[in-house]
Number of protein chains: 2
Amino acid sequence: MDNQQIKDAGLKVTRPREKILGILERSGRRHLSAEDVYKELLTNGDDIGLATVYRVLTQFEGAGLVCRRHFETGQSVFELNSGDHHDHLVCVRCNRVVEFVDPMIEERQSAIAAQHGFHIEDHSLVIYGVCTDCAANA
Amino acid sequence: MDNQQIKDAGLKVTRPREKILGILERSGRRHLSAEDVYKELLTNGDDIGLATVYRVLTQFEGAGLVCRRHFETGQSVFELNSGDHHDHLVCVRCNRVVEFVDPMIEERQSAIAAQHGFHIEDHSLVIYGVCTDCAANA
DNA sequence: TAGCAAGATGCGAAAGCTTCTCAGTTGTCT
DNA sequence: AGACAACTGAGAAGCTTTCGCATCTTGCTA
């Protein structure tokens with residue numbers, strides 16, 4: 001249950017936090033910017049400030065409930081943490097995002113980091129391209 | 001010769017453009033932020049505005065002379081385009097950047113994009129971690 | 001259940017990076 | 001050299017994100 005996740009993160013259960021988590025869970029899109037979440041709240045008639053949206057998303061990130069990604073669009077996008085790591089394919093025309101996982105790539109990354117004496121903390125692989133639909137409508 | 005590269009890009013050869021290209025070529029570091037370039041210019045006694053630095057770097061990027069990368073630090077870094085694609089390993093403590101190329105990863109990426117019907121335009125793989133030196137001084 | 005302290009919120013202000021505007025300057029071509 | 005388009009510097013402005021602070025809530029206690 002939602003509230004439990006928030007409590008487990010050591011946070012008080014407040015209206016903004018419940019609403020924001022709800023939006024992340026119920027939104028059709030998996031990747032939302034802070035602005036997207038904020039607009040969704042306004043649409044629902046919730047009077048929650050943008051600063052709070054950022055604060056809450058940052059806390060959720062710290063608690064491991066969501067992941068933040070910086071795509072080259074200049075905005076950060078947030079997605080519910082599904083537990084398993086994955087990378088992204090982004091369409092530069094329509095901004096569609098596809099997730100994928102490739103064990104071989106993951107493995108090569110570890111090998112490369114080790115080879116350079118790095119201890120991996122995180123990584124981000126984003127492939128930018130044009131999806132079938134957009135290529136068709138070109 | 002420098003000037004030729006600028007001309008080939010369809011740009012006029014001006015002092016700011018020559019200086020900026022020179023800094024990119026002669027800097028020890030391969031990855032510089034716009035701010036880094038600007039500070040270097042000031043140190044050299046060149047009176048060139050930050051806006052111009054951004055403009056010129058953006059033009060160089062368009063001309064294929066340099067590549068721009070958005071690391072998660074919030075700043076963009078620019079590097080001279082050496083022709084061959086490569087990925088990055090970034091130390092989250094000291095910001096050291098190591099470049100690498102892994103044919104197998106490149107190949108898997110193409111396969112994955114094809115599998116999802118994407119036509120690749122670009123991609124960015126950044127591994128964030130702690131380098132040996134920083135791990136030692138922890 | 002009333003009351004309290006720590007923690008959250010909302011608002012506006014501010015920060016950091018990047019781009020824009022515009023008047024004045026400079027390169028290039030003839 | 002002259003003309004015109006291109007370029008520049010400085011500051012204003014734009015965007016996303018964070019901060020500061022007075023006010024309000026939550027979760028705990030008596």
Side-chain angles (χ1 to χ4, degrees), chain A residues 1-23 31-42 44-63 65-78 95, chain B residues 1-23 31-42 44-63 65-78 95:
Chain A
M1 155 120 275
D2 295 16
N3 300 359
Q4 197 52 51
Q5 292 186 271
I6 297 175
K7 275 188 187 154
D8 290 347
L11 301 170
K12 288 184 179 173
V13 177
T14 61
R15 197 173 46 83
R17 303 219 253 238
E18 288 181 295
K19 295 287 185 182
I20 291 173
L21 186 51
I23 286 174
H31 303 81
L32 298 170
S33 67
E35 192 71 31
D36 290 334
V37 173
Y38 179 59
K39 281 198 288 232
E40 184 72 22
L41 287 167
L42 291 188
N44 296 356
D46 289 306
D47 190 21
I48 292 173
L50 182 55
T52 299
V53 173
Y54 274 102
R55 257 186 311 235
V56 169
L57 287 172
T58 302
Q59 291 160 340
F60 283 0
E61 184 192 12
L65 266 65
V66 304
C67 290
R68 174 194 294 228
R69 317 257 170 198
H70 293 268
F71 292 155
E72 309 259 325
T73 59
Q75 276 187 143
S76 294
V77 298
F78 298 82
N95 278 333
Chain B
M1 157 121 273
D2 294 18
N3 299 358
Q4 197 53 49
Q5 292 187 272
I6 297 175
K7 275 189 187 153
D8 289 348
L11 301 170
K12 287 185 181 174
V13 177
T14 61
R15 197 172 46 82
R17 304 219 252 238
E18 287 182 295
K19 297 286 186 182
I20 292 172
L21 186 51
I23 287 174
H31 304 80
L32 298 169
S33 66
E35 193 70 32
D36 291 332
V37 173
Y38 179 59
K39 281 197 286 230
E40 184 72 20
L41 288 167
L42 291 188
N44 297 356
D46 289 306
D47 190 21
I48 292 173
L50 183 55
T52 299
V53 174
Y54 275 103
R55 254 185 314 234
V56 170
L57 287 171
T58 302
Q59 290 160 340
F60 283 1
E61 185 193 11
L65 267 66
V66 305
C67 290
R68 174 194 292 229
R69 319 257 169 198
H70 292 269
F71 292 154
E72 309 258 326
T73 57
Q75 276 187 142
S76 294
V77 297
F78 298 83
N95 278 332

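Order of the sequence lines sets the chain letters (A, B, ...), proteins ahead of strands, with each chain counted from 1.
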CD1 (Ile20(A)) and CG (Leu32(A)) are apart, to the nearest 0.5 Å, by 11.0 Å
Whole-Å distance, Tyr54(B) OH to dA12(D) P, equals 18 Å
Rounded to whole Å, CG of Asp47(A) lies from P of dG12(C) at a distance of 11 Å
CG (Leu42(B)) and NZ (Lys39(B)) are apart, to the nearest 0.5 Å, by 9.5 Å
Rounded to whole Å, the CG-P distance (Leu50(A) to dA8(C)) equals 19 Å
message = Is Ser76(A) close enough to dT17(D) that one of its side-chain N or O atoms is under 4.0 Å from OP1 or OP2 there?
response = yes
When rounded to whole Å, the CD1 to C1' distance for the pair Ile6(B) and dT8(D) reads 15 Å
From CD of Gln59(B) across to P of dC7(D) the rounded distance in Å is 6 Å
Taken to the nearest whole Å, CG/Asp36(A) to C1'/dC15(D) is 15 Å
Could you pull out every donor-acceptor pair under 3.5 Å between side chains of residues 49-59 of chain B and any protein atom, sequence neighbours left out?
residue  : atom : partner  : partner atom : Å
Thr52(B) : OG1  : Arg55(B) : NH2          : 3.1
Thr58(B) : OG1  : Tyr54(B) : O            : 2.7
Thr58(B) : OG1  : Arg68(B) : NH2          : 3.1
Gln59(B) : OE1  : Arg17(B) : NH1          : 2.8

Which of Glu61(B), Arg69(B), Glu35(B), His70(B) passes side-chain contact (heavy atoms from CB on, under 4.5 Å) with Ser76(B)? It is His70(B)
Nearest-nucleotide check on DNA chain C, Thr58(B) vs Val56(A); residue mapping nearer the 5' end is Val56(A)
Assert: residue with more 5' nearest nucleotide on DNA chain D, out of Ala51(B) and Arg68(A), is Ala51(B)
Rounded to whole Å, OH of Tyr38(A) lies from P of dC15(D) at a distance of 15 Å
In B/S/- notation (B base, S sugar-phosphate only, - none; protein heavy atoms under 4.0 Å), nucleotides 21-30 of chain D written 5' to 3' is -----BS---
Next item on the list: May I ask you to decide if Ser33(B)'s main-chain N or O and Asp36(B)'s side chain share a donor-acceptor pair within less than 3.5 Å?
Entry: yes
To the nearest angstrom, the CD-P distance between Glu18(B) and dT26(C) comes to 14 Å
Does Asn44(B) reach the side chain of Lys19(B), with side-chain heavy atoms less than 4.5 Å apart? no
Leu21(A) and Phe60(A) have their tightest heavy-atom pair at CB-CE2, 4.0 Å
